[in-house]
Amino acid sequence: INAEYGKHQVLFTLDKVHEKNCRTLDCDSSYNNLVSGSTDGCIRVWDINKSLEYNDTDHLHMLHSWGDVHKQQTFVRPLTSGVVSTYGVTEIRVTPNGHYSCGSDGRLVFRPMVV
């Protein structure tokens with residue numbers, strides 16, 4: 001993430017930021033906070049600038065974590081040989097006032113951005 005127009009560079013490569021697969025993420029318009037959602041139903045808010053200030057590219061500083069925001073659902077695809085897909089949070093969108101998330105439980109959830 002680089003706020004300069006037209007420039008792209010890798011700032012972080014992180015493992016195990018969620019218990020299960022990270023399914024979706026979005027940044028606020030100032031690129032200060034990153035919000036991630038996982039197939040386990042968890043949503044986390046990360047402070048990008050704090051990590052950059054401390055030159056800590058191995059860790060993102062977590063501001064908030066909410067577990068089980070969207071109940072995890074498991075689906076078996078009928079025309080395959082038993083392929084199973086599990087989803088919790090399927091999409092996140094950050095707005096100036098907070099973030100919206102939706103999931104396989106069919107709910108749309110809004111949480112105010114608290115920093």
Side-chain angles (χ1 to χ4, degrees):
I1 302 166
N2 190 330
E4 292 182 43
Y5 179 76
K7 298 218 176 187
H8 300 278
Q9 69 187 84
V10 175
L11 297 179
F12 300 98
T13 302
L14 304 171
D15 295 321
K16 304 294 180 189
V17 295
H18 283 278
E19 294 295 317
K20 298 215 175 175
N21 296 337
C22 182
R23 175 98 177 131
T24 181
L25 46 92
D26 196 16
C27 277
D28 63 10
S29 60
S30 63
Y31 296 97
N32 292 324
N33 298 303
L34 177 71
V35 182
S36 61
S38 173
T39 57
D40 62 7
C42 179
I43 292 176
R44 294 187 173 156
V45 179
W46 307 91
D47 186 330
I48 296 170
N49 284 338
K50 187 175 279 188
S51 300
L52 293 175
E53 285 173 22
Y54 295 115
N55 198 24
D56 187 0
T57 58
D58 292 329
H59 300 90
L60 274 177
H61 293 274
M62 186 170 36
L63 295 174
H64 302 286
S65 180
W66 298 279
D68 295 327
V69 175
H70 293 282
K71 184 177 164 116
Q72 190 174 348
Q73 303 284 329
T74 301
F75 303 94
V76 178
R77 296 185 185 141
L79 300 176
T80 63
S81 59
V83 174
V84 175
S85 298
T86 302
Y87 301 105
V89 180
T90 57
E91 194 72 35
I92 287 181
R93 287 291 177 257
V94 176
T95 69
N97 299 322
H99 65 269
Y100 291 89
S101 65
C102 60
S104 59
D105 58 3
R107 297 182 315 125
L108 175 68
V109 176
F110 173 79
R111 287 193 185 267
M113 189 62 81
V114 181
V115 267

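Note that the structure is predicted; figures quoted are calculated from it, not measured. The chain is numbered in sequence order, starting from 1.
Exactly one of K71, Q72, H70 qualifies for a side-chain hydrogen bond (donor to acceptor under 3.5 Å, both in side chains) with D105. That residue is H70.
Looking at residues two or more places apart in sequence or on another chain, you find no salt bridge (Lys or Arg N to Asp or Glu O under 4.0 Å) involving D28. S36 is linked by a side-chain hydrogen bond (donor to acceptor under 3.5 Å, both in side chains) to H18, W46, counting only residues two or more places apart in sequence or in another chain. Not a single salt bridge (Lys or Arg N to Asp or Glu O under 4.0 Å) links R111 to another residue, sequence neighbours left out. Annotation: side-chain hydrogen bond (donor to acceptor under 3.5 Å, both in side chains) contacts of R44 (sequence neighbours excluded): S65. S38 meets the side-chain hydrogen bond (donor to acceptor under 3.5 Å, both in side chains) test with D40; sequence neighbours excluded. Applying the side-chain contact (heavy atoms from CB on, under 4.5 Å) criterion to F110, with sequence neighbours excluded, gives T95, N97, Y100, P112. Remark: E91 engages R93 in a salt bridge (Lys or Arg N to Asp or Glu O under 4.0 Å) (not counting sequence neighbours). For T90, the side-chain hydrogen bond (donor to acceptor under 3.5 Å, both in side chains) test picks out no residue, with sequence neighbours left out.
Nearest heavy-atom pair, I43 versus S101, reported as atom, atom and distance to 0.1 Å: CD1-OG, 3.4 Å. Between T24 and I92, the shortest heavy-atom contact is OG1-N, 3.3 Å.
Heavy atoms from other residues, nucleotides or ligands lying under 6.0 Å from CG of N49 number more than 12.
Put simply, NE2 on H64 and CG on D47 are 9.5 Å apart, with the number rounded to the nearest 0.5 Å.
Here the side chain of D26 pairs a donor or acceptor atom with the backbone of V94 at under 3.5 angstrom.
Inter-residue side-chain proximity for T39 and K20 is flagged as met; some heavy-atom pair is nearer than 4.5 Å.
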